[in-house]
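Here the structure is laid out as structure tokens; the discussion comes afterwards.
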Amino acid sequence: MAVEIPFVPPLDDVHYGVAEQVSPLIRRIIANNPSKYSYRGTGTYVVGEAGGDLVVIDPGPNLDEHRDAIVAALGGQRVRAILVTHCHADHSPLAAWLRDETGAPTVAFGPHGAVDLDEDEESDVKVEESIDLAFAPDIFAVDGDVVAEIGGAPMRAVFTPGHTSNHMCFSFEAERALFTGDHVMGWSTTVVSPPDGDMRAYMDSLAKVGGRNDATLWPTHGNPVTDPQPFLQAYLAHRVEREQQVLARVRAGDTQIVEMVKVLYADVREELHKAAGRSVFSHLVKLVDDGQVHVVGDGPPTLKSAYAAS
Ligand SMILES: [Zn+2]
């Protein structure tokens, strides 16, 4: 029986450029950058009361209309911090502009880690999100740091590497809210693409969020998860199941990622198979590291390596 993830209902009726009140202290502005990775678009969160100090999370992509929408939402109120979950191009590019505009510091774990080498250069199909290499935070946060206070309630950094090596979630204790960036999404599983993406780190970070007691998860893409525990358990179980399926393909004699994808993603559109190959690759990297699989003829695991069971 395949694991079923209880995805939240689709985010319909999107009003781009409008700051929508989604909880007592949280507003969300959706940028008009829909895609197969960003779903309906990037959700930029503005946290705080009208008239009080604010925090902005993931200012988003470099789009004039999104920039204007942020200015309108801030309404001249003081911004205490600009929090960035990670450096994909749909999350961080407006951070530097917003710092200049408001004087508030940008806060993140750090700049993007290893540059993802694209071994599929012959392909013109984009298989993952593009990276904002220009971003570097003013403040480098570590796990547990209080990154801002809103109305006396702390916002804290929760380090969640995996989707990227610098991915950070942010908790807002006044509402038992966790802003999950791309670590946990409401509408889909997340891309984990080596070398910067790391499946072992990702699964550990899912378990870490599962060990918390948040009431609501606010992803950058899609609707909030309002019953986190069963969602997170299924989200992690799906990865464990996929790992077992990849291992079973290797044990059945498949040596190449493309062969494994054909079987494991038989019901998925072929245009998505390249991205699926990245996901299988991320599991193989972990399985090699675990000693359950090895690369035939040695060398580090790559997209084109031959794999065999150990
Ligand atoms: Zn991302």
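Note that ligands are numbered from 1 as they come in the structure, with each ligand's atoms numbered from 1 the same way. A quick note: this is a predicted structure, and the numbers were derived from the prediction, not measured.
Closest to the Zn ion (ligand 1) among the N, O or S atoms of His86 is NE2. If you look at Asp182 and ask which of its N, O or S atoms sits nearest the Zn ion (ligand 1), the answer is OD2.
No option in Phe109, Phe140, Phe170 other than Phe109 meets the ring-ring contact (aromatic ring centres under 6.0 Å, His included) test with Phe159.
Vertex the Zn ion (ligand 1); arms to His163 atom NE2 and His88 atom ND1; angle 90° (nearest 10°).
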Inset, instruction - Decide ring-ring contact (aromatic ring centres under 6.0 Å, His included) for Tyr45 and Phe179; before the verdict, give the C-alpha distance in whole Å, the side-chain angles of both, and the deciding distance to 0.1 Å. - result: CA-CA 9 Å; Tyr45 291 103; Phe179 297 93; 5.1 Å; yes
Inset, instruction - Assess whether side chain to side chain contact (heavy atoms under 4.5 Å, CB included) is satisfied between His112 and Ser165, documenting all intermediate values. - result: CA-CA 7 Å; His112 192 74; Ser165 60; over 6 Å; no
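Arg80 and Glu149 are not joined by a salt bridge, as no carboxylate oxygen comes within less than 4.0 angstrom of a charged side-chain nitrogen.
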